[in-house]
Amino acid sequence: MPGHDLLAFTDQLGLATSAAPAAPADRELHLVLFRLGREEYGVPITLVREIVRVQDVTRVPHAPAQIRGVMNLRGRILPVVEIRGRLGLEPAVLTQESRVVVVEVQKRTLGLLVDAVAQVTRISERLIVSPPEEVRSAGAEAVTGVARLGDRLLILLDLARLLGADGIDSSSPTAP
């Protein structure tokens, strides 16, 4: 009987579905996105304390090259790091869009000088791929992945690795 076959099929389908393991939950990353040059980068929002306009940055004599200087943030002296050099980019030219992303990395609070903050977003971990071996360099260990966000590509950074083991010294080894 044709109806009987349909019911049997439906029963078997129900058994197969209930016996199938549940699909793992799609994990999302909550990121702060910023621009350096024409590229967009993302860091976990859990590391970001705040985003502020660039104020007067005071140069510090004999500071490492990637330290742009220090700034007064509500009475606290905040080191401002120019991460562009660590990523092989030219030094920043300050504009109206330039910002300091205040982060906490390895129990240190410091500011990252960026060209602009793009947005705060969530992306699925499924969208992230490891960077191809052909484009990796000695300093690229801080790039944890690349994600497609609409028609844009987003470079994900590990700030602990980017900033080095001590947080700011480029001559020190990077974290494993």
Side-chain angles (χ1 to χ4, degrees), residues 26-55 57 59 63-71 73 78-106 108-176:
D26 187 23
R27 288 188 37 190
E28 288 186 326
L29 296 177
H30 202 178
L31 303 169
V32 173
L33 307 183
F34 57 85
R35 280 194 347 245
L36 296 174
R38 294 181 12 204
E39 313 306 329
E40 267 189 291
Y41 296 84
V43 296
I45 197 166
T46 55
L47 300 177
V48 177
R49 298 296 166 243
E50 63 184 300
I51 299 166
V52 297
R53 291 186 183 275
V54 179
Q55 302 168 11
V57 177
R59 299 292 267 168
Q66 71 272 13
I67 300 293
R68 181 77 174 226
V70 294
M71 64 184 242
L73 183 63
L78 181 74
V80 177
V81 180
E82 187 161 348
I83 60 174
R84 294 174 64 92
R86 299 296 297 238
L87 296 168
L89 303 172
E90 296 295 319
V93 175
L94 298 181
T95 68
Q96 292 287 0
E97 292 183 335
S98 297
R99 296 291 183 265
V100 173
V101 179
V102 181
V103 297
E104 187 172 324
V105 179
Q106 297 181 349
R108 293 176 177 93
T109 302
L110 47 101
L112 305 178
L113 182 61
V114 301
D115 295 347
V117 173
Q119 69 187 80
V120 175
T121 192
R122 292 178 192 258
I123 64 166
S124 169
E125 283 186 339
R126 291 183 297 153
L127 299 177
I128 301 169
V129 296
S130 295
E133 287 295 322
E134 296 80 21
V135 298
R136 289 190 175 201
S137 65
E141 68 276 355
V143 175
T144 60
V146 178
R148 184 180 302 262
L149 192 62
D151 61 347
R152 307 176 339 231
L153 289 180
L154 172 65
I155 301 166
L156 304 178
L157 297 175
D158 178 331
L159 290 180
R161 287 184 176 176
L162 180 66
L163 298 170
D166 70 352
I168 56 174
D169 185 355
S170 64
S171 64
S172 69
T174 57

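These values consider heavy atoms only, across backbone and side chains, with no hydrogens, waters or symmetry-generated copies.
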Salt bridge (Lys or Arg N to Asp or Glu O under 4.0 Å) against [X], all qualifying residues, sequence neighbours excluded:
{"X": "Arg122", "result": "none"}
{"X": "Glu28", "result": "none"}
{"X": "Arg49", "result": "Glu104"}

Are the side chains of [Y] and [X] in contact, using a 4.5 Å heavy-atom criterion?
{"X": "Ile45", "Y": "Leu29", "answer": "no"}
{"X": "Leu149", "Y": "Leu33", "answer": "yes"}
{"X": "Val52", "Y": "Glu50", "answer": "yes"}
{"X": "Val103", "Y": "Leu110", "answer": "yes"}
{"X": "Leu154", "Y": "Leu156", "answer": "yes"}
{"X": "Ile123", "Y": "Leu31", "answer": "yes"}
{"X": "Val54", "Y": "Leu113", "answer": "yes"}
{"X": "Leu127", "Y": "Arg148", "answer": "no"}

Taking every non-hydrogen atom, the tightest pair across Arg84 and Gly37:
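The answer is NH1-N, 3.3 Å.
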Take Val114 and Leu36, measure what side-chain contact (heavy atoms from CB on, under 4.5 Å) needs, and give me the verdict at the end.
CA-CA 6 Å; Val114 301; Leu36 296 174; 4.1 Å; yes
Scan residues 88-100 for pairs that pass salt bridge (Lys or Arg N to Asp or Glu O under 4.0 Å), counting only residues two or more places apart or in two chains.
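Matches after skipping sequence neighbours: Arg35-Glu97.
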Applying side-chain hydrogen bond (donor to acceptor under 3.5 Å, both in side chains), can you list everything that pairs with Gln96, at least two apart in sequence or on another chain?
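So Gln96 forms no side-chain hydrogen bond (donor to acceptor under 3.5 Å, both in side chains) with any residue.
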Taking only residues two or more places apart in sequence, or in another chain, which ones meet Gln55 in a side-chain hydrogen bond (donor to acceptor under 3.5 Å, both in side chains)?
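For Gln55 there are no side-chain hydrogen bond (donor to acceptor under 3.5 Å, both in side chains) partners, ignoring immediate neighbours.
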Side-chain donor or acceptor of Asp158 paired with backbone N/O of Thr144 under 3.5 Å:
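No; judged by distance alone, with no hydrogens or angles, the pair does not exist.
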Does Arg86 use its side chain to pair, donor to acceptor, with the backbone of Leu162 at less than 3.5 Å?
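Looks like yes, one N/O pair under 3.5 Å.
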Evaluate Leu112 against Tyr41 for side-chain contact (heavy atoms from CB on, under 4.5 Å), listing each step before the verdict.
CA-CA 12 Å; Leu112 305 178; Tyr41 296 84; over 6 Å; no
Apply side-chain contact (heavy atoms from CB on, under 4.5 Å) to Ile51 and Val102, showing your working.
CA-CA 6 Å; Ile51 299 166; Val102 181; over 6 Å; no
Dump the intermediate steps for side-chain contact (heavy atoms from CB on, under 4.5 Å) on Glu40 and Ile155, then the final yes or no.
CA-CA 6 Å; Glu40 267 189 291; Ile155 301 166; over 6 Å; no
